[in-house]
There are 2 protein chains.
Amino acid sequence: MRVLFGGHLKTREQIDSPGRTRRRGDDLVRAIHAAVLGELAAVGLGRMTMEGIARRAGTAKTSLYRRWPSPHDVLLDAIAREHPQEVPSPSADDLRGDLIRALGQLVAWLETPTAAAVAAIMAERRRHPELARALYERVFDARGGRFTLTVLRHYAARGRIDPGRLTPVVADIGEALVFKLALDADAAPNEQQLAAIVDQAILPAVGLGPGGPR
Amino acid sequence: MRVLFGGHLKTREQIDSPGRTRRRGDDLVRAIHAAVLGELAAVGLGRMTMEGIARRAGTAKTSLYRRWPSPHDVLLDAIAREHPQEVPSPSADDLRGDLIRALGQLVAWLETPTAAAVAAIMAERRRHPELARALYERVFDARGGRFTLTVLRHYAARGRIDPGRLTPVVADIGEALVFKLALDADAAPNEQQLAAIVDQAILPAVGLGPGGPR
């Protein structure tokens, strides 16, 4: 069930840490990302400081300000870095499998600390509306907007499904059902349930129900 | 958009209030139901007491114990009383309209104090698992299990849709998408969005997509 992702991305700049730690840029950024999630869990969205993040990361405040203007920008960067990217089959010949894998990436992501950070932002969106907006724009929209949508667009672009069917509602079916099943059971959906979501809800919505072409 | 419901149910027993208030049974129960929601909002699930509820309702603790064994039972009763009941067209000739109305009942319910009480129970389900279980059994399951499911079963029983299509996933599509749209927009879906959910997700899932029979 576990889907690995995002663990081996390179940072845009491979700069040396300026502090006494001698950590290279990538390691330092990783430490700061872990620190910002720790800071969030400890003090909450409204009380995060650059100082607190720097202390947890064991680095100097200046090395944070060199990259990010505020604690919330550090947080968004940490969330973006771990956000999964769907990779559909290049030949577009396994829509069902690609959709199940996309939902598997969502389920795996739900168990990460960055998913907890996203939940914290959503819970406090009325107090921090600009942060919630930035989350959608810089993270969600930058990675295809919705789980399954990158896959669906890939198949639509290759004539395998009708692009007219890819409405906002249809793009939301997968995420909506994964969240709903997780809410009711207080546990992540298993592989069989993900397959049921694809077979019984997403495929019929794009015109590929039972009896239709697979 | 607003759908009225549940406001004129009779209580099972029409007994007189025993206290100085001289309120009749139905009025008293109504006052106690309002009081238990106020008590929950004020002190939280873990600290509700019969005494606190009685004080807010302006009645004696004994009149609570006559009907309910615990504060959580009062709460479940208050939630159950306001939970909407779907009423499909008897002739089963307006599936689309019946489904949109069912989702409208869900949206209207989401704005009620009892929906906030349900959210509180869900948020603390790990601390009060027996309460969450009772919520599903005594309230949700007692009213058809899911919004839209009463309607879908009504049409399946009359041969209008294939009963084999009414899987748990399909029964969850409507609720799942209403919750998802509300989460993303931080606002209840409007009538047009409810129609889109029905047309683009629920009807195709029961085999009645565009081109199919309506």
Side-chain angles (χ1 to χ4, degrees), chain A residues 103 106 118-119 121-129 132-133 135-136 140-141 145-148 162 164-187 189 192-212, chain B residues 103 106 118-119 121-129 132-133 135-136 140-141 145-148 162 164-187 189 192-212:
Chain A
L103 295 182
L106 168 58
V118 166
I121 293 173
M122 298 301 283
E124 295 203 57
R125 64 196 297 173
R126 293 195 188 183
R127 216 170 307 168
H128 303 284
R133 203 158 37 233
L135 174 68
Y136 276 78
F140 299 160
D141 293 350
R146 296 278 184 279
F147 284 88
T148 71
D162 175 5
R165 295 277 203 135
L166 299 195
T167 63
V169 161
V170 170
D172 254 337
I173 292 175
E175 283 195 11
L177 282 166
V178 166
F179 292 159
K180 180 61 165 54
L181 266 61
L183 178 74
D184 282 336
D186 199 19
Q192 208 170 1
Q193 290 175 301
L194 299 186
I197 290 172
V198 170
D199 290 334
Q200 298 165 19
I202 302 178
L203 290 177
V206 297
L208 304 177
Chain B
L103 294 183
L106 167 57
V118 166
I121 293 173
M122 298 301 281
E124 294 202 58
R125 63 196 296 172
R126 293 194 188 185
R127 216 171 306 169
H128 304 283
R133 205 160 33 237
L135 174 68
Y136 276 79
F140 299 160
D141 294 350
R146 296 278 183 281
F147 284 88
T148 71
D162 175 5
R165 296 277 203 137
L166 299 195
T167 63
V169 161
V170 170
D172 252 338
I173 292 175
E175 282 195 12
L177 282 167
V178 166
F179 292 160
K180 182 61 166 52
L181 267 60
L183 178 74
D184 281 336
D186 199 18
Q192 208 170 0
Q193 290 174 301
L194 299 186
I197 291 171
V198 170
D199 290 334
Q200 298 165 19
I202 303 177
L203 290 177
V206 297
L208 304 177

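Quick note on labels: first sequence line is chain A, next is B, and so on, each numbered from 1.
Each of Ile173(B), Leu166(B), Val169(B) was scored for a side-chain contact (heavy atoms from CB on, under 4.5 Å) with Gln200(A), with one residue passing: Val169(B).
Taking all atoms of both residues into account, the shortest heavy-atom contact from Ala205(A) to Pro204(B) is CA-CB, 4.0 Å.
Note: Leu183(B) leads Val206(B), Leu183(B), Val170(B) in heavy-atom pairs under 4.5 Å with chain A.
Of the atoms belonging to Tyr136(B), it is side-chain heavy atoms, and not backbone ones, that fall under 4.5 Å from chain A. For Ile202(A), no part sits under 4.5 Å from any heavy atom of chain B, backbone or side chain. Using a 4.5 Å cut-off between heavy atoms, Arg133(A) does not touch chain B at all.
Annotation: side chain to side chain donor-acceptor pair (under 3.5 Å) contacts of Asp186(A) (sequence neighbours excluded): Arg126(B). Among residues two or more places apart in sequence or in another chain, the ring pair (Phe, Tyr, Trp, His ring centres under 6.0 Å) test is passed with Phe179(B) by none.
For Asp184(B) and Arg125(A), the salt-bridge test fails: no basic side-chain N is under 4.0 Å from an acidic carboxylate O.
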